[in-house]
Amino acid sequence: MASVRQLLVISSLVIACILVGMLAMGTSLMERRLDAQLQTDSENAVATLALLVSAQPDAAARARVLDAAFQQGRFSDLALTPDDPAAPAFQSRGPGRSTRDAPGWFTALADIQPHQASRQVSGIGALRLTLDPGPARDALWTHVMQWTWLALGLAAFWALFVVALANRVRRALSAAPADAPEIKIKRTEPVEDAELMDDVRERIAPTMDEQMARIERLEIELNRDPVTGLANRSYFLNELKRMLRDDSRQGAVSGYVLLVRSRDMARLQNQTERQELDDWLRLLGRRIIELLNEAPQARALPARLTGSDFVVLFPVGGGPEVMRPVQKLRELLETLRVRLDSHNLSRWAYALTDYTVQCTTKEVLTRLDQALMCAESAGHEEIEFLSYADHEDGVLLMGEASWRTLISQALDHDRLSLDVRRVQYEGDDIDDRHEAALALQEDDPDQPVMSGFLFMPAAARLGLSPACDMRAMCLALNWLGEHDGILVIRMSIASILDAQYLEEIRQICVNADPELLRRLVVELDAYGLSRHLEAFRAFARGVIEAGMHVGLRGLDQQPDALRQIHEVDFAYVKLGGNFVRELLASPGGVQMMVAVTETAIGMGMRVYVDDADDAATRRMVIEYGALPRVA
């Protein structure tokens with residue numbers, strides 16, 4: 001027991017040092033960041049005011065502009081010294097509008113100094129300003145208080161844990177059986193030693209089994225999320241690391257990881273009582289466990305990664321066999337959506353990736369994060385699949401034979417179809433607009449339809465994407481022959497890079513009705529425009545010459561493609577709502593948004609924005625000339 005106390009005391013001291021070090025380091029980093037931000041804001045503010053002052057016709061107008069800017073309370077000093085000595089100067093000083101939450105002693109310690117910025121305005125004079133450092137000091141004080149309370153909370157939790165653990169160990173020691181086998185050591189012959197060891201082993205074995213069983217039960221309790229009943233983040237990461245250390249597969253696909261994010265968790269927390277939200281999370285966890293138990297061959301491990309992120313580890317390879325429980329899980333989550341205060345249903349975002357023993361935990365989580373960003377900004381509710389094979393060259397991996405069989409049979413037996421959905425954009429002159437996604441139905445009618453977002457990455461790896469895209473185009477023309485309006489279909493980069501694919505497209509267009517071709521839009525990814533300019537340009541121009549239109553998606557993921565956007569006569573460019581919200585949150589982002597919209601609109605292209613459901617974002621998007629998607 002004394003050793004346990006020493007261990008707990010040493011652990012407490014180490015944790016205390018870590019908490020103090022984290023607080024000091026976090027405060028220092030925050031202080032430097034705020035100081036640098038204050039200097040940057042000063043330079044940006046003086047540049048903006050200089051531009052406004054230079055646009056005013058006379059000194060009175062310039063004084064009104066400067067006075068209005070000073071009344072905002074951001075400046076502690078604002079002055080304009082004219083070049084002409086006879087002209088009136090402008091000078092305003094004040095304490096600013098800081099809340100002054102930080103105490104005086106902290107203000108004296110904080111190394112956040114006012115930064116003065118000046119700019120010479122041609123033909124007018126010298127403009128000088130100093131931003132009020134008070135808000136920055138208040139922000140630093142708030143940061144310090146938050147981290148302090150967090151450290152105190154962790155310390156209190158650790159203290160309670162230490163007390164509980166010490167009591168548990170004391171009870172366990174006091175409850176030890178009194179009739180425990182007594183081991184006596186005496187000098188004996190070798191044969192007697194062996195018999196003694198066997199006897200001791202037989203007596204100790206049951207006690208060891210009981211202790212191991214108790215340890216396993218405690219481990220399960222400690223590694224379970226208290227609300228959902230799923231495994232927690234620590235347990236999931238340990239299991240993933242254990243799978244990545246398994247060298248028996250020798251580079252083959254070891255399994256898959258599915259990441260699911262509740263995109264409206266923050267809104268649910270604000271509009272729903274804590275008890276109701278916990279009840280919904282418990283129902284969610286129970287239904288996920290029940291569904292995965294119906295497919296024991298997948299050996300899936302569901303876990304709660306963060307407050308809004310859930311993850312499922314599939315530690316088995318096999319290609320499409322893993323996608324069936326993934327599709328069923330998606331269908332289940334769609335039935336558990338909650339109505340928000342905006343009368344819309346809550347949204348899910350899905351990301352999927354595979355892993356091998358050649359991967360690291362960081363690489364797997366990075367691919368999931370990239371796929372999740374694509375899913376959130378693409379405007380669809382499908383599962384975004386980012387494969388390990390997309391980043392590596394080499395021979396076919398385990399499971400790709402299954403993919404080849406599945407996709408080839410679907411092409412041979414006409415089991416590919418289009419999932420057509422109507423899409424409208426606010427202010428768009430195209431009222432009857434539809435977007436189509438390729439889908440695959442397996443042999444078994446009980447299996448759910450598999451989305452193209454799942455099987456097209458495998459088709460591209462196997463060289464089957466041109467055939468799939470060709471079938472999608474034929475299905476689109478058939479659909480247009482029976483329906484009115486515009487239809488948008490997607491084509492993959494792998495198909496564009498196939499030299500024969502464009503000729504096959506042209507052969508289809510020769511035999512197709514020109515009226516149908518004029519109502520068909522081929523949507524291409526901006527990655528091809530950025531990385532494969534020549535092939536992309538040749539394909540896009542060939543499609544336009546055949547009578548169809550071309551759209552560009554994913555410009556928010558490849559902003560460098562804006563430099564080549566003039567190479568093709570696009571009908572529209574498409575941006576993601578999350579990307580737009582991040583842009584509009586900063587002055588530099590606003591300028592980038594203006595550059596995108598002005599460039600595209602100036603060349604006669606529409607700018608569509610998906611997933612811009614926030615009212616303020618929609619207003620700013622419309623102000624810049626873009627068209628937000630109607631929910």
Enquirer: Passes salt bridge (Lys or Arg N to Asp or Glu O under 4.0 Å), Glu239 versus Arg242? Steps please.
Expert: CA-CA 5 Å; Glu239 285 297 302; Arg242 186 172 65 85; 2.7 Å; yes
Enquirer: Could you tell me whether the side chain of Leu575 reaches within less than 4.5 Å of the side chain of Asp610, counting heavy atoms only?
Expert: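 In short, these two side chains do not touch, never coming nearer than 4.5 Å.
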Enquirer: Would you check if the side chain of Asp498 reaches a backbone N or O of Ala494 as a donor-acceptor pair within less than 3.5 Å?
Expert: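 The answer is no, because no donor-acceptor pair under 3.5 Å joins these two groups.
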Enquirer: CG of Asp278 to CG of Leu281: how many Å apart, nearest 0.5 Å?
Expert: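 Rounded to the nearest 0.5 Å, the CG-CG separation comes out at 6.0 Å.
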Enquirer: Looking at Arg404, is its backbone amide N or carbonyl O close enough to the side chain of Ser408 to form a donor-acceptor pair, meaning the two atoms are under 3.5 Å apart?
Expert: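 Between the backbone of Arg404 and the side chain of Ser408 there is a qualifying donor-acceptor contact (under 3.5 Å).
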Enquirer: Spell out, as yes or no, whether a donor-acceptor pair under 3.5 Å connects the side chain of Arg553 to the backbone of Glu523.
Expert: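 Side chain of Arg553 to backbone of Glu523: a pair is present.
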Enquirer: State, to 0.1 Å, how close Val420 and His434 come at their nearest heavy-atom pair, and which atoms those are.
Expert: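 Smallest heavy-atom distance, with atoms named: CG1-CB, 3.7 Å.
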Enquirer: Out of curiosity, Leu240 CG to Thr361 OG1, how far, rounded to the nearest 0.5 Å?
Expert: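 Nearest 0.5 Å value for the CG-OG1 distance: 4.5 Å.
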Enquirer: Heavy-atom distance under 4.5 Å between the side chains of Val326 and Tyr256, does that happen here?
Expert: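 Side chain of Val326 against side chain of Tyr256, heavy atoms only: no contact under 4.5 Å found.
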Enquirer: Is any side-chain heavy atom of Tyr350 closer than 4.5 Å to one of Leu333?
Expert: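 SC-SC contact between Leu333 and Tyr350 confirmed.
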Enquirer: Within this structure, what is the CZ-OG distance for the pair Arg330 and Ser451, rounded to the nearest 0.5 Å?
Expert: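 Reported to 0.5 Å precision, the distance equals 7.0 Å.
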Enquirer: Checking side-chain contact (heavy atoms from CB on, under 4.5 Å) against Arg304, which of Val311, Asp309, Val227 comes through?
Expert: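 Only match with Arg304 under side-chain contact (heavy atoms from CB on, under 4.5 Å): Val227.
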Enquirer: Under 3.5 Å, is there a donor on one side chain and an acceptor on the other for Trp348 and Ser262?
Expert: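 Judged by distance alone, the side chains do not pair up.
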Enquirer: Measuring from Arg282:CZ to Thr228:OG1, what's the distance to the nearest 0.5 Å?
Expert: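 It is 10.0 Å, given to the nearest 0.5 Å.
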Enquirer: Nearest heavy-atom pair of Pro315 and Met243: which atoms, and what distance?
Expert: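 The pair with the smallest heavy-atom distance is CB-CE, 3.5 Å.
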Enquirer: Could you tell me the separation between the CG atom of Leu332 and the CD atom of Glu290, rounded to the nearest 0.5 Å?
Expert: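 Rounded to the nearest 0.5 Å, the CG-CD separation comes out at 9.0 Å.
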Enquirer: So Leu301 and Tyr235, do their side chains get closer than 4.5 Å, heavy atoms only?
Expert: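 Of all side-chain heavy-atom pairs linking Leu301 with Tyr235, at least one is under 4.5 Å.
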Enquirer: Spell out, as yes or no, whether a donor-acceptor pair under 3.5 Å connects the side chain of Thr353 to the backbone of Leu368.
Expert: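 Here the side-chain-to-backbone pair does not exist.
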Enquirer: Between the main-chain N or O of Gln441 and the side-chain N or O of Arg415, is there a donor-acceptor pair closer than 3.5 Å?
Expert: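 Side chain of Arg415 to backbone of Gln441, a donor-acceptor pair under 3.5 Å: yes, one is there.
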Enquirer: Taking the side chain as C-beta and beyond, is there a heavy-atom pair between Phe236 and Pro302 under 4.5 Å?
Expert: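 Not touching, per the 4.5 Å side-chain cut-off.
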Enquirer: Does any part of the side chain of Asp419, heavy atoms only, come nearer than 4.5 Å to the side chain of Arg421, both counted from C-beta?
Expert: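 Arg421 reaches Asp419 side chain to side chain.
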Enquirer: Step by step, would you call Glu442 with Arg324 a salt bridge (Lys or Arg N to Asp or Glu O under 4.0 Å)?
Expert: CA-CA 10 Å; Glu442 300 187 51; Arg324 294 169 187 141; 2.6 Å; yes
Enquirer: Spell out, as yes or no, whether a donor-acceptor pair under 3.5 Å connects the side chain of Arg471 to the backbone of Leu411.
Expert: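 Flag set: sc Arg471 to bb Leu411 pair under 3.5 Å.
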Enquirer: Looking only at side chains, do Asp469 and Ser492 share a donor and an acceptor under 3.5 Å apart?
Expert: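 Result is yes, a qualifying pair exists.
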Enquirer: Is a side-chain donor-acceptor pair under 3.5 Å present for Ser346 with Asp264?
Expert: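 Not at all, the side chains of Asp264 and Ser346 share no donor-acceptor pair under 3.5 Å.
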Enquirer: Keeping the roles fixed (side chain from Trp280, backbone from Leu336), state whether a donor-acceptor pair exists under 3.5 Å.
Expert: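 Judged by distance alone, yes, a pair lies under 3.5 Å.
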Enquirer: Does a side chain donor of either Asp369 or Thr366 reach within less than 3.5 Å of an acceptor in the other side chain?
Expert: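 No, no side-chain donor-acceptor contact under 3.5 Å.
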Enquirer: Using 4.0 Å as the upper bound for N to carboxylate O, is an ion pair formed by Asp560 and Arg531?
Expert: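 A salt bridge is present here (some side-chain N lies under 4.0 Å from a carboxylate O).
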Enquirer: Could you please spell out the steps behind the ring-ring contact (aromatic ring centres under 6.0 Å, His included) verdict for Phe539 and Tyr501?
Expert: CA-CA 9 Å; Phe539 179 82; Tyr501 183 61; 5.7 Å; yes
Enquirer: Working to the nearest 0.5 Å, report the span between CG of Asn223 and CG of Asp225.
Expert: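 Going from the CG atom of Asn223 to the CG atom of Asp225 covers 11.5 Å.
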Enquirer: Hey, are the side chains of Arg367 and Leu259 touching, using non-hydrogen atoms and a 4.5 Å cut-off?
Expert: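 Heavy-atom side-chain distance check fails, nothing below 4.5 Å.
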Enquirer: Would you check if Tyr355 and Leu244 make a side-chain contact, meaning some heavy-atom pair closer than 4.5 Å?
Expert: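 Tyr355 reaches Leu244 side chain to side chain.
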Enquirer: Taking His532 for its side chain and Gly528 for its backbone only, find out whether a donor-acceptor pair lies under 3.5 Å.
Expert: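 Pair absent, no side-chain N/O of His532 close to backbone of Gly528.
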Enquirer: Would you say the side-chain atoms of Arg267 and Asn270 include a donor-acceptor pair closer than 3.5 Å?
Expert: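 Judged by distance alone, the side chains do not pair up.
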Enquirer: With a 6.0 Å cut-off (strictly less than), is the heavy-atom count around CZ of Arg33, excluding the residue itself, greater than 12?
Expert: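 Atom CZ in Arg33 is not packed in, count stays at 12 or less.
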Enquirer: Evaluate side chain to side chain contact (heavy atoms under 4.5 Å, CB included) for Phe385 paired with Met456, printing each intermediate quantity in order.
Expert: CA-CA 9 Å; Phe385 182 28; Met456 281 304 291; over 6 Å; no
Enquirer: Strictly distance-based, threshold 3.5 Å: is any side-chain N or O of Thr272 a donor or acceptor partner for the main-chain N or O of Gln269?
Expert: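 No; zero donor-acceptor contacts below 3.5 Å.
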Enquirer: Relative to the ring of Trp147, is the ring of His143 parallel (under 30°), tilted (30 to 60°) or perpendicular (over 60°)?
Expert: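 Rings of His143 and Trp147: tilted, 30 to 60°.
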